[in-house]
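Nothing here was measured: the structure is a model prediction, and the numbers come from that model.
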Amino acid sequence: MAQERAGHDPERTAGVQLARLLRRWWEEADGPPGCTRPTQQALAARLGVDQTTLSRYLNPKHLSTAPPRVVEALHTQLRAPAAELEQARALYRAALRENGRQQAADGGGEHLAPTGAADGSDETPAPDATPGTAAHGTDGRGTSGRLRSRWLRPVLVAAAMVLAFTAGVVVHERFSAKDRTADGAAGAASASETPHEWPLLRRGEEDQFTRARALQYLLNAQGYKVRADGFFREDTQDAVMDFQRRSDLPADGKVGRLTWPELVKGVGPGSGTFEVRAVQELLNNVGQGGTAVSGRFTAETAEDVRFFQRTHGLSVTGRVDVDTWLALLVKQLPPVKTPDYQGATRSLPSASE
């Protein structure tokens with residue numbers, strides 16, 4: 001109703017336009033060769049939101065404005081045109097401005113904005129006058145409630161600003177911290193300020209999925225001939241033990257905090273097929289979706305690396321250093337199945353692929 005009174009067309013609001021843009025990204029995701037449109041359920045799981053929330057982000061009729069994190073993740077996962085990311089960000093900012101004007105229109109401009117807009121709380125300031133004294137009441141010293149609010153407003157606003165600034169400092173300090181593991185290997189800081197630990201892989205009968213395939217690709221990059229199928233069998237263990245002996249490490253056949261840092265390589269444009277495949281395997285299973293496991297470090301792979309680094313508090317370089325390897329290994333999602341392109345029966349690719 002407020003939009004109609006203000007003379008606005010609901011179909012042309014920034015929020016509706018953003019929802020239409022995001023939905024088009026999803027509907028056209030199966031257009032490029034080799035790219036299949038994910039279901040909304042699968043897409044929601046990768047974004048870390050529930051399916052109902054994602055559906056509202058994509059529905060102009062019953063929308064919720066998608067936050068920047070979700071907009072960027074959708075742009076990456078759905079391989080949307082590069083130029084449209086900034087367009088989506090601009091629509092998000094415009095939607096926020098429109099929502100602010102809408103709230104002011106609904107409230108008539110007579111009440112203070114909720115302090116939650118500044119400090120994250122849901123509480124609203126006290127009204128201008130206590131009940132029974134809205135027009136003529138006093139505070140016992142001849143001062144009306146309306147006059148009292150004139151000095152109360154700036155005090156509340158100043159307090160909200162202090163709270164917002166303090167919260168910003170705490171968040172900045174938390175996410176900018178860098179940690180290292182106990183044995184001196186580089187580590188990536190998590191949001192809880194707990195350093196990541198290198199995952200431990202050992203011989204077993206079960207499919208160990210992306211981490212094991214990444215390990216096997218890295219062993220192949222060192223000159224070993226190991227099938228990259230995710231199964232940590234005797235051939236993988238033998239290669240690990242030989243690598244450990246060559247690297248003056250305890251030759252126990254287990255890959256953990258001592259072996260991973262020696263095994264991983266810096267990866268970027270021009271890197272070898274096997275180490276690039278290892279990176280792409282891990283990127284494809286961290287929830288941002290759609291990384292092709294080709295063995296070629298393309299511009300798309302570099303952008304996927306930058307997005308992962310940006311969203312996990314790492315230096316955004318587009319190259320995979322030790323900190324990025326560690327975060328990629330730690331952030332792997334629970335596996336569903338072995339991907340079609342890498343079954344247990346597939347032969348080992350050559351370095352020239």
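- Ion pairing between R277 and E281 fails under the 4.0 Å rule for side-chain N and carboxylate O.
- Nearest heavy-atom pair, P38 versus A29, reported as atom, atom and distance to 0.1 Å: CD-CB, 4.4 Å.
- With a 4.5 Å cut-off on side-chain heavy atoms, V305 and R319 do not count as touching.
- Side-chain atoms of Q244 come within 3.5 Å of backbone N or O of G253 as a donor-acceptor pair.
- Judged by distance alone, with hydrogens and angles left aside, the side-chain atoms of W260 form a donor-acceptor pair with the main-chain N or O of P199 at under 3.5 Å.
- Residues satisfying the side chain to side chain donor-acceptor pair (under 3.5 Å) criterion with E262, sequence neighbours excluded, are absent altogether.
- Here the CG atom belonging to L333 is positioned 12.5 Å from the CZ atom belonging to F209, to the nearest 0.5 angstrom.
- Applying the side chain to side chain contact (heavy atoms under 4.5 Å, CB included) test between L22 and each of L54, L91, N59, L74 identifies L74 as the sole match.
- R89 places no side-chain N or O within 3.5 Å of a backbone atom of P68 that could act as its donor or acceptor partner.
- Side chains of S294 and V276 form no contact here, defined as non-hydrogen atoms less than 4.5 Å apart.
- Side chain of H75 to main chain of P81: a donor-acceptor pair is present (N/O by atom type, distance under 3.5 Å, no hydrogens or angles).
- Seen from the ring of F243, R246 does not count as a face-on cation partner, given the 6.0 Å and 45° thresholds.
- Of all non-hydrogen atoms in L219 and A239, the two that sit nearest each other are CD1-CB, 4.1 Å.
- Residues Q208 and R202 share a closest heavy-atom pair of NE2-O, 2.9 Å.
- Panel note: side chain N220, backbone V226; a donor-acceptor pair is recorded below 3.5 Å.
- Of all heavy-atom pairs spanning V264 and P261, the tightest one is CG2-O, 3.9 Å.
- M241 and V255 fall into different hydrophobic clusters, where Ile, Leu, Val, Met, Phe, Trp and Tyr are joined by side-chain heavy atoms under 4.5 Å apart, directly or via other members.
- Between the side chains of T324 and D321, a donor-acceptor pair is found at a separation under 3.5 Å.
- L200 contributes atom CG, which lies 10.5 Å from atom CZ of R257 (distance to the nearest 0.5 angstrom).
- Both L283 and V322 sit in one connected hydrophobic cluster of ILVMFWY residues. Membership requires side-chain heavy atoms under 4.5 Å apart, directly or through other members.
- Side chains of L258 and P250 form a contact here, defined as non-hydrogen atoms less than 4.5 Å apart.
- Note on R203 versus D238: no salt bridge recorded, every NZ/NE/NH1/NH2 to OD/OE distance being 4.0 Å or above.
- No donor-acceptor pair under 3.5 Å is formed between the side chain of D207 and the backbone N or O of F231.
- Not a single donor-acceptor pair under 3.5 Å links the side chain of E300 to the backbone N or O of T291.
- Every residue meeting the side-chain contact (heavy atoms from CB on, under 4.5 Å) condition with A302, not counting sequence neighbours, appears here in chain and number order: F297, R306.
- Within 6.0 Å of atom CD in E234, 12 or fewer heavy atoms from other residues, nucleotides or ligands are found, so the atom counts as exposed in its surroundings.
- Side-chain contact between L78 and L43: present, with at least one pair of heavy atoms (C-beta onward) separated by less than 4.5 Å.
- With rounding to the nearest 0.5 Å, the separation of NZ in K225 from CG in D235 is 13.0 Å.
- In this structure, OG1 in T76 is found 7.5 Å from CG in L85, a value given to the nearest 0.5 Å.
- Y92 contributes atom OH, which lies 11.5 Å from atom CZ of R97 (distance to the nearest 0.5 angstrom).
- Judged as a side chain to side chain donor-acceptor pair (under 3.5 Å), and not counting sequence neighbours, R310 has no contacts.
- Salt bridge present: E84 and R24 bring a charged side-chain N and a carboxylate O closer than 4.0 Å.
- A donor-acceptor pair under 3.5 Å links the side-chain atoms of Q332 to the main chain of L328, judged by distance alone.
- Tracing side-chain contacts under 4.5 Å through hydrophobic residues (I, L, V, M, F, W, Y), one never reaches L314 starting from F307; they form parts of separate clusters.
- Connection of V330 to V267 is established within a shared hydrophobic cluster, with ILVMFWY side chains joined at heavy-atom distances below 4.5 Å, either directly or through further cluster members.
- Between N285 atom CG and R211 atom CZ the span is 8.5 Å, to the nearest 0.5 Å.
- T236 and Q216 share a donor-acceptor pair across their side chains, judged by distance under 3.5 Å alone.
- Partners of Q40 by side chain to side chain donor-acceptor pair (under 3.5 Å), not counting sequence neighbours: none found.
- Of all the heavy atoms in A95 and G15, the pair that sits closest is CB-N, 3.9 Å.
- Side-chain contact check for Q77 and W25: no donor-acceptor pair (N or O, by modelled atom type) lies under 3.5 Å.
- Panel note: side chain Q309, backbone T317; a donor-acceptor pair is recorded below 3.5 Å.
- Closest approach of R213 to G230, counting heavy atoms only: CG-N, 3.3 Å.
- In terms of hydrophobic clustering, with Ile, Leu, Val, Met, Phe, Trp and Tyr side chains grouped at heavy-atom distances under 4.5 Å, L201 and W325 are assigned to a common cluster.
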Is there a side-chain contact (heavy atoms from CB on, under 4.5 Å) between F232 and V240 once you walk through the steps? CA-CA 10 Å; F232 199 136; V240 168; 4.1 Å; yes

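- Not counting sequence neighbours, the partners of D242 by the side chain to side chain donor-acceptor pair (under 3.5 Å) test are Y224.
- For E205, the CD atom counts as loosely surrounded, since its 6.0 Å shell holds 12 or fewer non-hydrogen atoms of other residues, nucleotides or ligands.
- Partners of F308 under the ring-ring contact (aromatic ring centres under 6.0 Å, His included) rule, at least two apart in sequence or in another chain, are H312.
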Run the side-chain contact (heavy atoms from CB on, under 4.5 Å) test on K265 and Q222 for me, step by step, so that the C-alpha distance in whole Å, both residues' side-chain angles and the decisive distance to 0.1 Å come before the verdict. CA-CA 10 Å; K265 297 182 174 183; Q222 295 288 342; 3.5 Å; yes

